[in-house]
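Below: the structure, in structure tokens.
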Amino acid sequence: MIRSLALITLALAAAPLFAAPGGNYAEREAGRALLERLERVDGVDIDAARALLVEAEYQPEIVEKMRTPAERTLTWGDYRPIFLQAERAALGADYIAEHREIFDRVADETGVPPHIVAAIIGVETKYGRVLGNDRVLDALATLAFDYPERSDYFTRELEGFIQLCVEESLECDREVGSYAGAMGLPQFMPSSYRAYAVDGNDNGRRDLWEEPADIIASVANYLAEHGWQDKARVALPAWVGDADQIDDIERSEREPAYRWDALRRLGIRVDAPPADDARVGLLEFDGAHGTEYWVALNNFFVITTYNHSPLYAMAVYQLGQEIAAARQDAAG
């Protein structure tokens with residue numbers, strides 16, 4: 001998630017829609033404008049929408065977390081052990097075994113392998129064990145109305161959340177998630193929930209908290225819709241063949257910067273290289289044992305659409321590899 005702290009003082013001073021923090025959000029000018037749009041543009045029952053917004057409570061600690069995110073200072077050496085543990089890999093293998101029919105069907109339909117889907121759920125919420133501590137309604141309302149830096153974005157997410165609550169009968173007064181408003185086992189924001197969540201068991205609802213078929217199919221559908229390539233690799237360990245050129249090579253974060261043949265000519269080496277015309281990016285991480293270089297392929301950058309951080313995408317990839325290995329060990 002992109003968080004800009006520029007011009008905070010100016011934004012705070014020049015935003016007439018922002019009253020003193022908290023209060024009845026349904027009675028704030030911005031809240032009334034949101035309710036009007038929900039009724040007039042989105043066709044949402046105004047009484048149901050107002051009843052939800054009245055329930056929202058200001059949470060000042062959420063604003064503080066948004067302005068000082070801990071993950072901003074983490075290196076790969078710090079980040080990797082948070083998500084790469086034998087326990088989490090074993091839980092992922094068990095989760096696939098428990099829902100094997102669903103995983104196999106979804107893999108056939110989307111081309112996204114079970115170990116990648118399971119790794120995302122594992123990184124996000126440890127298979128439902130760490131769903132977050134903030135009520136989603138409170139988080140989104142707080143950020144929409146009392147976090148001027150990104151008010152427009154979070155107002156749209158709050159609008160989508162209220163639509164979901166009313167249209168799909170979600171229990172939105174009790175659901176908890178991340179301090180940024182991400183929801184369910186896969187931690188979808190409301191816009192992603194509305195666009196990519198799937199009714200995997202055909203019961204007429206998309207429930208990303210309680211229904212494994214919906215959860216698994218929705219993660220796979222998200223990746224497939226963002227360009228996942230079936231049976232393609234994600235990332236390759238790399239080393240520098242020409243140390244004199246490394247400072248001149250652009251590092252990639254969310255999109256590839258080179259064709260493989262161009263990166264190879266710049267002195268980067270990998271085992272089992274991709275096709276010359278493959279679009280790739282060079283990653284550089286500060287690992288526990290020194291600098292690590294990786295060549296990222298298309299599927300790596302698809303994972304970064306789920307979360308923009310290359311650290312996140314690498315954690316998903318490596319946890320997926322460990323889940324796959326745990327499944328093989330169990331089978332053996």
Side-chain angles (χ1 to χ4, degrees), residues 70-97 103 107 111-130 185-187 216 219-220 222-223 226-240 251-256 268-274 278 280-332:
E71 61 268 24
R72 180 175 294 172
T73 62
L74 297 179
T75 67
W76 177 235
D78 302 321
Y79 195 93
R80 188 182 190 279
I82 296 172
F83 300 106
L84 274 290
Q85 313 116 358
E87 177 203 15
R88 201 178 299 246
L91 288 171
D94 291 344
Y95 190 75
I96 294 173
F103 273 105
V112 183
H115 65 271
I116 291 293
V117 175
I120 283 181
I121 301 169
V123 168
E124 291 290 352
T125 60
K126 205 173 182 180
Y127 310 99
R129 290 162 174 81
V130 188
L185 271 69
Q187 293 287 276
I216 294 162
V219 173
Y222 182 97
L223 296 175
H226 284 83
W228 185 270
Q229 295 176 352
D230 187 14
K231 298 180 176 61
R233 293 176 292 176
V234 176
L236 306 171
W239 65 95
V240 179
R251 309 302 194 264
S252 294
E253 290 195 354
R254 295 189 56 198
E255 58 185 22
I268 302 302
R269 300 290 181 262
V270 297
D271 290 329
V280 301
L282 181 67
L283 309 174
E284 180 179 344
F285 295 128
D286 183 8
H289 303 291
T291 302
E292 297 180 20
Y293 294 104
W294 292 77
V295 168
L297 307 173
N298 172 80
N299 285 346
F300 182 91
F301 296 109
V302 171
I303 298 172
T304 66
T305 68
Y306 204 101
N307 180 305
H308 296 169
S309 168
L311 299 179
Y312 173 91
M314 185 57 71
V316 167
Y317 168 62
Q318 292 195 9
L319 179 60
Q321 295 297 103
E322 294 196 5
I323 289 171
R327 292 184 70 200
Q328 288 181 337
D329 290 345

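Predicted, not measured: the structure shown is a model, and the values here were computed from it.
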Indicate the atoms forming the closest heavy-atom contact of [X] with [Y], along with that distance.
| X | Y | result |
| --- | --- | --- |
| I323 | A89 | CG1-O, 3.7 Å |
| M314 | F300 | N-CE1, 3.6 Å |
| Y127 | R88 | CE1-O, 3.8 Å |
| P186 | V219 | CB-CG2, 3.4 Å |
| G111 | W228 | O-NE1, 3.4 Å |
| F83 | V123 | CE2-O, 3.4 Å |

Inset, instruction - Quick one: do K126 and E87 satisfy salt bridge (Lys or Arg N to Asp or Glu O under 4.0 Å)? Show the steps, please. - result: CA-CA 10 Å; K126 205 173 182 180; E87 177 203 15; 3.0 Å; yes
If I take atom [atom1] from residue [X] and atom [atom2] from residue [Y], how far apart are they, to the nearest 0.5 angstrom?
| X | Y | atom1 | atom2 | result |
| --- | --- | --- | --- | --- |
| I116 | I121 | CD1 | CD1 | 11.5 Å |
| I216 | F103 | CD1 | CZ | 3.5 Å |
| L236 | W294 | CG | CH2 | 8.5 Å |
| Y79 | D286 | OH | CG | 15.5 Å |
| L91 | L319 | CG | CG | 10.0 Å |
| Y95 | L185 | OH | CG | 5.5 Å |

Legend entry - Sub-4.5 Å side-chain heavy-atom contact between I268 and Y293: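 Side chain of I268 against side chain of Y293, heavy atoms only: no contact under 4.5 Å found.
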Legend entry - Student check: side-chain heavy atoms of I82 and L74 closer than 4.5 Å: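 Side-chain contact under 4.5 Å: yes.
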Legend entry - Flag if over 12 foreign heavy atoms under 6.0 Å of CD, E253: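 Atom CD in E253 is not packed in, count stays at 12 or less.
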Inset, instruction - Please say whether more than 12 non-hydrogen atoms of neighbouring residues, nucleotides or ligands are located less than 6.0 Å from CD in Q229. - result: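 It does: Q229 CD has more than 12 such atoms within range.
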I'd like to know if the side chain of [X] reaches the main chain of [Y], judged simply by a donor and an acceptor atom lying under 3.5 Å from each other, with no hydrogens or angles considered.
| X | Y | result |
| --- | --- | --- |
| Y222 | T305 | yes |
| R327 | G92 | no |
| R80 | G287 | no |
| E322 | Q318 | no |

Legend entry - Qualifying residue for side chain to side chain contact (heavy atoms under 4.5 Å, CB included) with R233, from L297, N299, N298: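 So, applying the side chain to side chain contact (heavy atoms under 4.5 Å, CB included) to R233 and each of L297, N299, N298, only L297 qualifies.
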Legend entry - Verdict with reasoning, L223 to I120, per side chain to side chain contact (heavy atoms under 4.5 Å, CB included): CA-CA 11 Å; L223 296 175; I120 283 181; 3.8 Å; yes
Inset, instruction - Report yes or no: do E124 and Y312 form a side-chain donor-acceptor pair below 3.5 Å? - result: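 Y312 and E124 do have a side-chain donor-acceptor pair below 3.5 Å.
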